[in-house]
There are 2 protein chains.
Amino acid sequence: MSSNGPAEPRRTLTLRDVSEASGVSEMTVSRVLRNRGDVSDSTRERVLEAAKRLGYVPNKIAGALASQRVNLVAVIIPSLSNLVFPEVLSGISEELEESGLQPVFGVTNYSAEREEAVLYEMLSWRPTGVIIAGLEHSDAARAMLQNAGIPIVEIMDVDGTPVDSVVGISHKRAGLEMARAIIGAGYRRIGFLGTKMPHDHRARKRLEGFEAGLAEAGIELADSEFYSGGSALLKGREMTEAILKRSPDLDFLYYSNDMIGAGGLLYCLDKGIDVPGKLGLAGFNGVDLLDGLPRKLATMDACRREIGRRAAQIISGHSDAGLIGGEHVELTPVLEPGDTIRQG
Amino acid sequence: MSSNGPAEPRRTLTLRDVSEASGVSEMTVSRVLRNRGDVSDSTRERVLEAAKRLGYVPNKIAGALASQRVNLVAVIIPSLSNLVFPEVLSGISEELEESGLQPVFGVTNYSAEREEAVLYEMLSWRPTGVIIAGLEHSDAARAMLQNAGIPIVEIMDVDGTPVDSVVGISHKRAGLEMARAIIGAGYRRIGFLGTKMPHDHRARKRLEGFEAGLAEAGIELADSEFYSGGSALLKGREMTEAILKRSPDLDFLYYSNDMIGAGGLLYCLDKGIDVPGKLGLAGFNGVDLLDGLPRKLATMDACRREIGRRAAQIISGHSDAGLIGGEHVELTPVLEPGDTIRQG
DNA sequence: CTGAAAGCGCTAACAA
DNA sequence: TTGTTAGCGCTTTCAG
């Protein structure tokens with residue numbers, strides 16, 4: 001053994017360590033490490049060399065406290081298993097990368113209570129901005145957002161009153177337009193299949209818009225079926241079987257998402273049901289999974305990646321300007337009729 | 001308008017504000033807000049009331065700097081669009097929730113350079129621990145992990161040398177056992193279909209193990225096909241068509257993930273190919289999507305959620321004890337033969 | 001049970 | 001181009 005004294009508890013390195021190792025003041029070290037102000041090349045090199053040799057990692061906590069600046073963007077979403085949100089996150093990541101901001105994710109599991117807790121936790125890190133899914137929040141959560149004094153972007157949905165900025169689509173309109181397209185194609189006995197989640201406001205709004213669209217033609221929903229949990233593809237199968245057994249005269253099934261829609265499509269193909277002749281099908285989201293199915297399910301793209309991108313742009317734009325925004329971006333989902341709606 | 005002076009720039013609230021509003025010292029306010037030490041009920045109530053009324057949100061940056069304690073766990077993964085990682089994240093979230101720790105996610109896009117940058121960024125927030133996918137890191141990244149002085153858990157893979165703790169499965173073994181099962185079922189002309197990503201080390205290890213397993217029986221891979229990007233389900237279809245056109249005599253296809261495997265399965269069913277009689281199929285991961293397919297694809301569960309959970313447990317365990325671990329947890333994936341491998 | 005003093009590691013502002 | 005001086009808002013420690 002070499003002459004190690006009594007186990008020196010290893011401190012984590014500070015600016016001072018780099019300062020001593022390089023013979024330059026802490027302030028100058030700090031400047032070099034942040035590419036700030038003019039520093040002579042020789043000094044810069046010495047500092048960089050020392051920092052690297054020691055393995056110094058700056059302490060952003062101290063930095064943030066001193067400078068009152070944090071390069072974090074809080075991103076709050078209901079779920080990761082939904083497939084929808086990972087895409088939004090990718091859009092956000094992509095866009096923020098360029099601006100030097102860092103997304104920090106929090107998950108609420110569709111619970112308002114949990115959302116409040118996550119939001120509180122994240123705001124206490126004083127992020128540069130907040131991106132949060134949906135327009136429905138508890139009063140306390142809304143108050144926190146309002147008082148945070150930073151740009152807030154509510155995403156996914158524009159049907160409601162945002163706290164600050166909003167980027168999304170109108171799910172009511174999405175439902176409405178789907179109903180019109182279905183009726184335009186001549187279908188009349190229409191069923192709805194969707195999730196039971198009491199807090200999935202967007203699915204609820206799509207259904208509301210859909211029923212409004214049917215009402216325009218004097219039609220009511222003929223039957224419906226709800227689920228929660230489990231493999232969505234399998235649920236789609238099972239629900240389709242159930243609803244067709246109960247209401248064999250249905251001529252269209254509208255699914256609240258593409259996964260259960262895909263399950264329904266596979267079921268119909270299995271059973272040799274004539275799609276779209278005798279039975280039409282449509283989903284929602286535009287997940288690229290659909291491209292690989294034997295037949296292409298009708299759907300409506302929810303513009304997920306684009307939503308993420310635009311939201312991130314709003315934050316990074318304001319983080320430069322220091323302003324709070326109130327931007328309102330409504331994206332327009334386009335009906336992709338695929339092969340499961342009769343063509344006029 | 002009321003007598004608003006010249007636009008008071010709204011400061012964010014501090015402990016001092018709550019202290020003044022409640023007539024209690026900052027120190028006592030701090031105690032109440034952290035449920036620390038003995039505080040009389042009446043004082044506690046006054047403080048809580050004032051904090052709530054003002055809408056005070058504590059500043060964790062200052063708190064962390066003063067206490068040298070951060071309740072953040074850095075989680076670094078290659079991708080969010082993979083479906084695999086969201087499940088791991090769910091496992092982590094679930095487990096950390098109980099311990100008061102907060103996961104913070106970073107995404108590397110399978111790039112070692114990006115991983116280094118993300119890691120540096122996250123370590124600069126002095127997290128309580130790090131959970132990072134894979135055992136392959138740049139020298140610099142490995143050095144940072146080693147010097148961080150906090151628990152590090154490398155996940156997904158155990159084939160290699162961890163920096164500290166590791167939780168995962170052996171992908172080599174997974175490939176090996178799949179090969180044995182396939183050969184045991186009597187297949188001999190075997191093709192491999194997978195991703196081309198040069199940095200997906202785990203897919204590579206599975207292939208290596210697979211080839212080793214074939215070699216035991218004196219067999220070589222008859223053909224292979226690689227892809228990158230796009231809808232995995234669709235790619236699975238296309239690749240399957242391509243490889244079967246090129247090598248019509250193949251009697252088994254091993255896919256590097258379930259999504260492309262599912263695409264292949266759908267293709268075979270479309271074409272009326274006798275599965276598993278004339279052609280066997282297998283994937284990898286055990287995604288629950290498979291439950292909804294017309295036939296169940298053979299696969300091997302990668303224990304994703306469990307991996308997340310165990311990794312989180314290691315971090316929260318050590319965050320209490322303040323120790324650094326070196327735990328080694330190897331989970332065992334189980335072959336799920338489904339309907340696409342001939343049964344003896 | 002409550003308060004006062006000191007300082008966490010860094011950066012803004014100013015001085016040299 | 002470089003250094004010095006004060007804090008950032010909180011918690012630790014110790015004293016009442």
Side-chain angles (χ1 to χ4, degrees), chain A residues 9-48 50-51 54-72 121 123-128 148-149 322, chain B residues 9-48 50-51 54-72 121 123-127 148-149:
Chain A
R10 200 184 43 197
R11 264 181 329 100
T12 79
L13 270 19
T14 70
L15 261 191
R16 164 174 233 115
D17 295 305
V18 182
S19 164
E20 283 169 1
S22 63
V24 174
S25 78
E26 285 184 45
M27 198 51 231
T28 300
V29 173
S30 170
R31 285 193 183 100
V32 171
L33 264 21
R34 287 176 302 143
N35 303 313
R36 263 284 209 302
D38 292 324
V39 180
S40 73
D41 283 352
S42 69
T43 310
R44 177 189 312 286
E45 261 176 58
R46 274 199 304 164
V47 169
L48 253 21
L54 297 176
Y56 172 71
V57 176
N59 185 331
K60 289 229 181 200
I61 297 177
L65 183 62
S67 69
Q68 305 282 57
R69 246 162 340 180
V70 180
N71 69 336
L72 263 22
E121 176 73 23
L123 285 180
S124 73
W125 286 100
R126 301 288 189 265
T128 287
Chain B
R10 201 184 42 197
R11 266 181 329 99
T12 78
L13 270 17
T14 70
L15 260 191
R16 166 176 230 115
D17 296 303
V18 181
S19 164
E20 283 170 1
S22 63
V24 174
S25 79
E26 285 185 44
M27 198 49 235
T28 301
V29 172
S30 170
R31 286 196 182 97
V32 171
L33 264 19
R34 287 176 299 143
N35 303 313
R36 263 287 208 300
D38 291 325
V39 180
S40 74
D41 283 352
S42 70
T43 311
R44 175 189 313 284
E45 262 178 56
R46 274 199 303 164
V47 169
L48 254 20
L54 297 177
Y56 171 70
V57 176
N59 185 330
K60 288 230 181 199
I61 296 177
L65 183 61
S67 69
Q68 306 283 57
R69 251 188 303 225
V70 180
N71 69 336
L72 262 22
E121 177 73 22
L123 285 180
S124 73
W125 286 99
R126 300 288 187 267

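Letters go in sequence order (proteins before strands), and every chain restarts at 1.
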- Set of residues satisfying salt bridge (Lys or Arg N to Asp or Glu O under 4.0 Å) with respect to A:Arg69, sequence neighbours excluded: none

- Message: Is there a side-chain contact between A:Thr28 and the phosphate of D:dG3, meaning an N or O under 4.0 Å from OP1 or OP2?
- Response: yes

- Note on the structure: Rounding to 0.5 Å, atoms OG (B:Ser22) and CD (B:Glu45) come to a distance of 12.5 Å

- Strand contacts (DNA chain C) in residues 55-64 of chain A, 4.0 angstrom heavy-atom criterion: A:Tyr56, A:Asn59, A:Ala62, A:Gly63

- Looking at A:Thr43, does any N or O in its side chain come under 4.0 Å of the phosphate oxygens OP1/OP2 on D:dT1? no

- Note on the structure: The reported gap from CD in A:Glu20 to CG in A:Leu15 (rounded to nearest 0.5 angstrom) is 11.5 Å

- Counting distance only, does the side-chain N/O of A:Ser124 pair as donor-acceptor with the main-chain N or O of B:Asn59 below 3.5 Å? no

- Measure across A:Arg46 and A:Gly23 and return the closest heavy-atom pair with its distance rounded to 0.1 Å. NH2-O, 4.3 Å

- A:Lys60 and A:Asn71, any side-chain heavy atoms less than 4.5 Å apart: yes

- Under 3.5 Å donor-acceptor, A:Ser67 side chain and A:Gly63 backbone: yes

- Angle of first-five versus last-five pair axes in the helix from C:dC1-D:dG16 to C:dA16-D:dT1, to 10 degrees: 30°

- Test item: A:Leu13 and A:Val57 side chains (from C-beta on) under 4.5 Å apart, heavy atoms: no

- Between the OG atom in B:Ser30 and the CZ atom in B:Arg36, the distance rounded to the nearest 0.5 Å is 8.5 Å

- Query: Is a side-chain N or O of A:Thr43 found less than 3.5 angstrom from the main chain of A:Val39, in a donor-acceptor match?
  - Reply: no

- Name the first nucleotide and the last nucleotide along DNA chain C (5' to 3') that come under 4.0 Å of a heavy atom in chain B. C:dC1 to C:dG9

- Query: What residues in residues 14-26 of chain B put a non-hydrogen atom under 4.0 Å from any atom of DNA chain D?
  - Reply: B:Thr14, B:Leu15

Please enumerate all protein N or O atoms sitting under 3.5 Å from an N or O of nucleotides 12-14 of chain D, with distances to 0.1 Å.
| residue | atom | partner | partner atom | Å |
| --- | --- | --- | --- | --- |
| D:dT12 | OP1 | B:Arg69 | NH2 | 3.1 |
| D:dT12 | OP2 | B:Arg34 | NH1 | 3.2 |

- Atom pair CG (A:Asp38) and CZ (A:Arg31), whose distance is rounded to the nearest 0.5 Å: 9.5 Å

- CD1/A:Ile61 to CD1/B:Ile61 distance, rounded to the nearest 0.5 angstrom? 8.0 Å

- Query: Can you tell which of B:Val29, B:Leu33, B:Asp17 makes a side chain to side chain contact (heavy atoms under 4.5 Å, CB included) with B:Tyr56?
  - Reply: B:Leu33

- Is it the case that more than 12 heavy atoms not belonging to A:Arg34 sit under 6.0 Å from its CZ atom? yes

- Item | Nearest heavy atoms of A:Ala62 and B:Leu65, plus distance in Å | CB-CD1, 3.8 Å

